[in-house]
Amino acid sequence: MTPGARLSAAIEVLADIAERRRPVADALKDWGLAHRFAGSGDRATIATLVYDGLRRRASAAWIMGEETPRAVLLGSLRLQRGLAARTIAELCTGERFAPAPLTEAERTRLETGTLADAPLHVAGDVPEWVVPSLATALGDDLLSELRALARRAPLDIRVNTLKATREGTREALAHLSPEPTPLAPDGLRVPLGEDGRGPALHVEPEFLEGWFEIQDEGSQLAARLAGARPGMTVIDLCAGGGGKTLALAALMKNEGRLVATDGDPRRLAPIHERLRRAGAAAEVRTPRGGKGRPDPNRADVLTDLDGTADLVLVDAPCTGSGTWRRNPDAKWRLRPGSLATRVAEQEAVLDRAARLVRPGGRLVYVTCSLLPEENDAAVSGLAGRRDDLRPRPLDLPEEVAARVRRTAHGIQMSPERTGTDGFYVALLERGPAHP
């Protein structure tokens, strides 16, 4: 496909997303199935164009003066890729499936459009209704953080210390030029290509042999800050696909008891193969009965572990606002009702986690959210319901402490401050109940 034809395809996908309010991955998949002549390189480039358009949807529409998929695509070429109006015009010729030529109004907008007078939610490319919550979390750094949240995310891997070392893995992947992550001691960062996409790491021999997993540096740090050690009884209560379970197993050196489960059994599907590949020891307990989202009538598979865990990790279901660099369509689909649903789910999972912690044990609460309602407020709520669980400061390495944003009960990582996704981490310890 010609560069212009790829632009037209991206506009088509953006229109499908806007009209049907569907996840970007579904729209891209359907477009690929309907256009089988498009090669893998074509599909990858189109996907990058679409994701960039969604990252800058509000600001691109602002400088173009309209919110059409074409305007969003053209504006994002200017804002996200820094292309000049003349270069964009050369791509929009109307020939060989390229977009129609620029109008005079579009050319003028591309040449002179500015965000100088744009409202904060437009300049920061987020829904207007979440700005007050984000301002509470990010303070004076709000706009710079929102702009960082609209950039492309890096590609990080976590070296599996059960099988390899960071330096050995770096040498084995030298053809990809990885560099050590700034904060996570087992992480490597792989450079992205000019199109913003990374290499196919899942086909590397070292990946197939279990030397590493793809995991954002923030997620790596969250697992490490939980404080798992060899010999502990540890429960990963919202394990999902197992990313943090694998990290916990490595930190425990496969010594002790590690139990992984999730309220949605479908999310656990990948964990078995990942554990096998990594050589990680963990007991997976899959809830039975019901399908899909957490079911309150489903049998509890952890009742025998109540009051026994040294550490319970709760990587809670959340809005995912901290991952909007990777999932930009999610921010435009988020609604206040969705936040309220997530807050209720967090309350339920924290109450269940609390019953698992032994006296003197730890509960570590993690979200990939920047919204205080899902973070400090959730911890305050649990502490208010359980007087034997008290928030405690996290023990932070010096280099991490210098970068994170401290909150009332925990820490907040963010794209601008730590270069990671927006992870929140808080620690509660179980002591005796007050009389």
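Quick note: numbers below take in every heavy atom, side chains included, and nothing from hydrogens, waters or symmetry partners. Please read all numbers here as calculations on a predicted model, not as lab measurements.
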Exercise. If you draw a 6.0 Å radius around CD in Glu273, do more than 12 non-hydrogen atoms from other residues or ligands fall strictly inside?
Worked result: yes
For this session: Verify the distance criterion only: is there a donor paired with an acceptor across the side chains of Asp52 and Ser76 at less than 3.5 Å?
Result: no
For this session: Mark yes or no for whether Asn160, through its side chain, and Gly210, through its backbone, hold a donor-acceptor pair below 3.5 Å.
Result: yes
For this session: Answer yes or no: is there a side-chain heavy-atom contact under 4.5 Å between Leu251 and Arg224?
Result: yes
Problem set entry | Donor + acceptor pair across side chains of Ser133, Glu373 (<3.5 Å) | yes
Exercise. So with a 6.0 Å cut-off around CZ of Arg385, is the heavy-atom count from everything else above 12?
Worked result: yes
Problem set entry | Check: Tyr424 and Ser369 side chains under 4.5 Å, non-hydrogen atoms | no
Seminar exercise, completed: Separation between CD (Glu145) and CG (Leu134), nearest 0.5 Å, reads 10.0 Å
Exercise. Once you round to the nearest 0.5 Å, how far does CZ of Arg147 lie from OG of Ser59?
Worked result: 9.0 Å
For this session: In plain terms, say whether Asp186 and Arg158 are close enough for a salt bridge, that is, a side-chain N and a carboxylate O under 4.0 Å apart.
Result: no
Exercise. In terms of side-chain heavy atoms, does Ser414 have a donor or acceptor partner in Arg417 at a distance below 3.5 Å?
Worked result: no
For this session: Give, for atom CE of Met252 and atom CZ of Arg229, the distance between the pair rounded to the nearest 0.5 Å.
Result: 10.0 Å
For this session: Say whether, by atom type as modelled, one donor and one acceptor occur between the side chain of Asp42 and the main chain of Gly39 under 3.5 angstrom.
Result: yes
For this session: With the side chain counted from C-beta on, respond yes when Thr418 and Phe423 share a heavy-atom pair under 4.5 Å apart, and no when they do not.
Result: no
For this session: Could you tell me whether the side chain of Leu339 reaches within less than 4.5 Å of the side chain of Val130, counting heavy atoms only?
Result: no
For this session: Show the numbers, then the answer: is there a side-chain contact (heavy atoms from CB on, under 4.5 Å) between Val159 and Thr165?
Result: CA-CA 7 Å; Val159 174; Thr165 64; 5.6 Å; no
Seminar exercise, completed: The reported gap from SG in Cys92 to CZ in Arg70 (rounded to nearest 0.5 angstrom) is 5.5 Å
Exercise. Does a donor on one side chain sit under 3.5 Å from an acceptor on the other, for Glu374 and Thr319?
Worked result: yes
Problem set entry | Nearest-0.5 Å distance, OG of residue Ser177 to CZ of residue Arg189 | 15.0 Å
Exercise. Side chains of Leu176 and Glu204: closer than 4.5 Å at any heavy-atom pair?
Worked result: yes
Exercise. Between the side chains of Asp236 and Thr245, is a donor N or O closer than 3.5 angstrom to an acceptor N or O?
Worked result: yes
Problem set entry | Ala38 backbone acceptor or donor facing Arg43 side chain under 3.5 Å | yes
Seminar exercise, completed: Looking only at heavy atoms, the pair that brings Val379 and Tyr365 closest together is CG2-CD2, 3.8 Å
Exercise. Are Leu225 and Val364 close enough, and set up right, to give a side-chain contact (heavy atoms from CB on, under 4.5 Å), and what steps lead you there?
Worked result: CA-CA 9 Å; Leu225 292 174; Val364 172; over 6 Å; no
Exercise. For Ile11 and Pro99, which heavy atoms make the closest approach, and how far apart are they?
Worked result: CD1-CG, 4.2 Å
Exercise. Can you find a pair of side-chain heavy atoms, one from Leu77 and one from Leu49, that are under 4.5 Å apart?
Worked result: yes
Seminar exercise, completed: In terms of heavy-atom contacts, Ala239 and Ala260 come closest through CB-CB, 3.8 Å
Exercise. Salt bridge (Lys or Arg N to Asp or Glu O under 4.0 Å) between Glu416 and Arg151: does it pass, once the steps are laid out?
Worked result: CA-CA 10 Å; Glu416 180 73 5; Arg151 301 185 192 122; 3.7 Å; yes
For this session: Evaluate the criterion salt bridge (Lys or Arg N to Asp or Glu O under 4.0 Å) for residue pair Arg22 and Asp30; output intermediate values, then yes/no.
Result: CA-CA 11 Å; Arg22 59 201 310 243; Asp30 285 354; 2.6 Å; yes
Exercise. Under 3.5 Å, is there a donor-acceptor pair between the side chain of Asn254 and the main chain of Gly279?
Worked result: yes
Exercise. Can you find a pair of side-chain heavy atoms, one from Trp211 and one from Ile157, that are under 4.5 Å apart?
Worked result: no
Exercise. Between Arg170 and Glu179, is the closest basic N to carboxylate O distance under 4.0 Å?
Worked result: yes
Problem set entry | Audit row: Arg81, Thr48, side-chain contact (heavy atoms from CB on, under 4.5 Å) steps and yes/no | CA-CA 11 Å; Arg81 302 198 175 197; Thr48 301; 3.2 Å; yes
Exercise. Which pair of non-hydrogen atoms, one from Pro178 and one from Ala174, has the smallest distance, and what is that distance?
Worked result: CD-CA, 4.3 Å
Exercise. Heavy-atom distance under 4.5 Å between the side chains of Thr2 and Phe97, does that happen here?
Worked result: no
For this session: Measure from the side-chain N and O atoms of Arg166 to the backbone N and O of Leu188, and report whether any donor-acceptor pair falls under 3.5 Å.
Result: no
For this session: Give a yes or no answer on whether the side chain of Arg78 reaches the backbone of Gly113 with a donor-acceptor pair at less than 3.5 Å.
Result: yes
Exercise. Should the ring pair Phe37 and His35 be called parallel, tilted or perpendicular, given that the plane angle runs from 0 to 90° and is split at 30 and 60?
Worked result: perpendicular
Problem set entry | Atom CD of Glu167 with >12 non-hydrogen neighbours under 6.0 angstrom | yes
For this session: Dump the intermediate steps for salt bridge (Lys or Arg N to Asp or Glu O under 4.0 Å) on Lys163 and Glu209, then the final yes or no.
Result: CA-CA 9 Å; Lys163 287 192 172 185; Glu209 293 170 10; over 6 Å; no
Problem set entry | Gap separating the CG atom of Asp156 from the CD atom of Gln215, nearest 0.5 angstrom | 9.0 Å
Exercise. For the side chain of Lys331 and the backbone of Arg55, is there at least one donor-acceptor N/O pair under 3.5 Å apart?
Worked result: yes
Seminar exercise, completed: Closest non-hydrogen contact found for Ala164 with Thr169 is CB-OG1, 3.6 Å
Exercise. Is there a donor-acceptor pair closer than 3.5 Å between any side-chain N or O of Asp376 and the backbone N or O of His409?
Worked result: yes
Exercise. Within a radius of less than 6.0 Å around CZ of Arg392, do more than 12 heavy atoms belonging to other residues, nucleotides or ligands occur?
Worked result: yes
Exercise. Can you tell me if Ser338 uses its side chain to pair, donor with acceptor, with the backbone of Leu334 under 3.5 Å?
Worked result: no
Exercise. Pro23 and Asp329: which non-hydrogen atoms are nearest, and at how many Å?
Worked result: CA-OD2, 3.4 Å
Problem set entry | Under-4.0 Å salt bridge between Arg403 and Glu399 | no
Problem set entry | Candidates Leu149, Thr323, Leu54, Asp125 - the one meeting side chain to side chain contact (heavy atoms under 4.5 Å, CB included) with Pro328 | Leu54
Problem set entry | Backbone N/O of Leu183 and side chain of Glu217: donor-acceptor pair under 3.5 Å | yes
Exercise. Under the side-chain contact (heavy atoms from CB on, under 4.5 Å) criterion, do Phe212 and Leu201 qualify, and how do the steps go?
Worked result: CA-CA 10 Å; Phe212 68 86; Leu201 291 173; 4.1 Å; yes
Exercise. Any ion pair linking Arg342 and Glu345 (charged N to carboxylate O, less than 4.0 Å)?
Worked result: yes
